[in-house]
Amino acid sequence: MAFHIYNTLTRKKELFEPVEPNKVKMYLCGPTVYDFFHIGNARPLIMFDVLRRYLRYRGFDVRYVVNITDIDDKIINKAIAQNRTASEVATEFTRAYFQDIDKLGIERPDLSPRATDFMRDIINTIQQLIDRGFAYELDGDVYYEVEKFVGYGKLSGKNINELQAGARVDVDDRKRSPMDFAVWKSSKPGEPWWESPWGKGRPGWHIECSVMSSKLLGGTFDIHAGGVDLIFPHHENEIAQAEGASDCPFVHYWMHNGFLNIEGEKMSKSLGNFFTTREILAKYPAEVLRMFFLLKHYRSPINFSEERILESQQALERIVETLKNIDLILADFQDVGAATDETIANQKAALIDAMDDDFNTASAMGTLFELVKSANLIIAENNFTKENIVTLKAIRELLVDVNEFFGIIPDKSSGTFGTDESFYLDMLTEIRRELRDARQWGMADTIRDRLQSIGIELEDRKDKSIWKRNFNKK
RNA sequence: GGCGGCGUAGCCAAGUGGCUAAGGCGGAGGUCUGCAAAACCUCUAUUCAUCGGUUCGACUCCGAUCGCCGCCUCCA
């Protein structure tokens, strides 16, 4: 199967055919940097990071852009509230954003353009919209005239007339239609501004994405992604702007991830169920968080709770544990030759099929656990024929292989200790082993208890003891 | 009101017009072990919200009903 994705624009699953063969140009609506990003924001960042890596794994040359909106009402409001400049606020949270995505194991996008670095392009695009009759100026503001764009509503399935009926009463009745939206806002005293043909002002919310994505990815690009809530008005408006300004189709495939809820309710500050990704990362490893998202299809709503996270953690540990056990066994069987195993190859094909079918990570995970099960069966039977060793090796290679895009297996399966700590822990474990061989149970148990108290679990296996960081209670 | 989505075991969650409805968590047994812990193995839905219809056959297609949710306003 070739890669298929569900396209919001057509509401169908479609075969993915890039504009340029073997190249994928994709854009994700990134953060508005006015605060730490929350656990709901983490979903698209993680999922589309996995998609990007998966497409690369499948042989595409991927160019991935995630913008940073660093000028916006929310930033200005925060700056005013804290008596700082908007740019200070934006700088602080841009830095925090990069720290957080690094911690999440998200690969840096190829480009992370900031809106304020594209002011000239934004102004040019607005001028084009005016020249082409899609936008009009009103006392220093510029509005997009929705009615002028025939395709308006094609992404969200909204009908202009119905929208009009339900539109809120706009304070600004100078607009030709209540639906018209600002592409340029004149600056009020104390607000940041840029010089423009319409006076001092700043861009409206949607224009920066249209401009940066078109500019950096070319006239028509392949994938534009974001949360479902962005379909309207943000992405609808992006289309109107980009296609109004240029004539060529904006984007081929629109992908939207489902919402994250907290204990069944929408996350909001007023409900007091608001979590930043930082807070969660302080309690759980990034790999667990990635696992949590990967266990469900990206388009479904997902419910966030500690219980779900703990489940994901248990599930992930099953994989990590098996990998470790395979390694312990393979260490005794060098040079088994090429690891070709037909059954495992079929499993791999099934996993790839699942991923190709609208990026079904939940199904792919199911296959992964089947592999884990077959490895565990071999290990449980203690039947290390050459054939079985080859199978174990093949499973190991596959797990490591797909981790290239899943990013769920910690670098050192034993935990986050550096080589120094590992050295001493190995030594202690060895000494304790000798004590046990000498039947000095008291001392052996003391070592076990003491290590336990600093978060290290000891496991006594048949012929060796191993230590691991206690993943759970951090 | 308009648009869209969802309802699968105790919980989470894939999936399919027809061979045994993936997988995970939890639970119950068991193996291993100096004792533990951990780990592993086995078992855990005659059934897919309800009621009709289409069909040789539906959980999967169609219709209705009930329930839940999202968007239409800033929001990933």
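Not measured: the values here are computed from a predicted model.
- The separation between A:Ile309 atom CD1 and B:C12 atom P is 15 Å, rounded to whole Å.
- In this entry the distance linking CZ of A:Phe259 with P of B:G5 reads 18 Å, nearest Å.
- Near-neighbour residues of RNA chain B inside residues 376-384 of chain A, defined by a heavy atom below 4.0 Å, number-ordered: A:Asn376, A:Leu377, A:Ala380.
- Checked options A:His235, A:His256, A:His234; the residue passing with A:His224 is A:His235 (criterion: ring-ring contact (aromatic ring centres under 6.0 Å, His included)).
- Across all strands, A:Ser156 comes closer than 4.0 Å only to sugar-phosphate atoms, never to a base (heavy-atom distances).
- In this structure, A:Asn360 places its CG atom 15 Å from P of B:G23, rounding to the nearest Å.
- Residue A:Ser363 has its side chain nearest to B:A14 when only B:A76, B:A14, B:G70 are considered.
- Ring geometry for A:Tyr253 versus A:Phe16: interplanar angle of 30 to 60°, hence tilted.
- Between A:Arg461 and A:Glu459 there is a salt bridge, since at least one side-chain N of the basic residue sits less than 4.0 Å from a carboxylate O of the acidic one.
- The strand RNA chain B forms stems, runs of 3 or more Watson-Crick or G-U wobble pairs with distances below 3.5 Å, at B:1-7 with B:66-72, B:10-12 with B:23-25, B:26-31 with B:39-44, B:49-53 with B:61-65.
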### Query
Reading nucleotides 24-36 of chain B 5' to 3', which nucleotides get B (base under 4.0 Å from a protein heavy atom), which S (sugar-phosphate only), which -?
BSS-------BBB

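- Summarising the geometry, the separation between CG on A:Asp356 and P on B:A14 is reported as 18 Å, rounded to the nearest angstrom.
- To the nearest whole angstrom, the two P atoms, one in B:G15 and one in B:G23, are 15 Å apart.
- Residue A:Asn67 contributes atom CG, which lies 11 Å from atom P of B:A76 at whole-angstrom precision.
- Within the nucleic acid shown, A:Gly40 comes within 4.0 Å of at least one base atom, counting heavy atoms only.
- When the P atom of B:C74 is taken as reference, atom CD1 of A:Ile231 falls 15 Å away, rounded to whole Å.
- Of the side-chain N and O atoms in A:Ser305, none sit less than 4.0 angstrom from OP1 or OP2 of B:C11.
- Among the nucleotides B:A76, B:C72, B:G70, the one closest to any side-chain atom of A:Lys158 is B:C72.
- In this structure, A:His38 reaches the bases: a heavy-atom distance under 4.0 Å links it to at least one base atom across the strands shown.
- The distance from atom NZ of A:Lys175 to atom C1' of B:U73 is 12 Å, rounded to the nearest whole Å.
- Straight-line distance between the C1' atoms of B:G67 and B:A49: roughly 8 Å, to the nearest whole Å.
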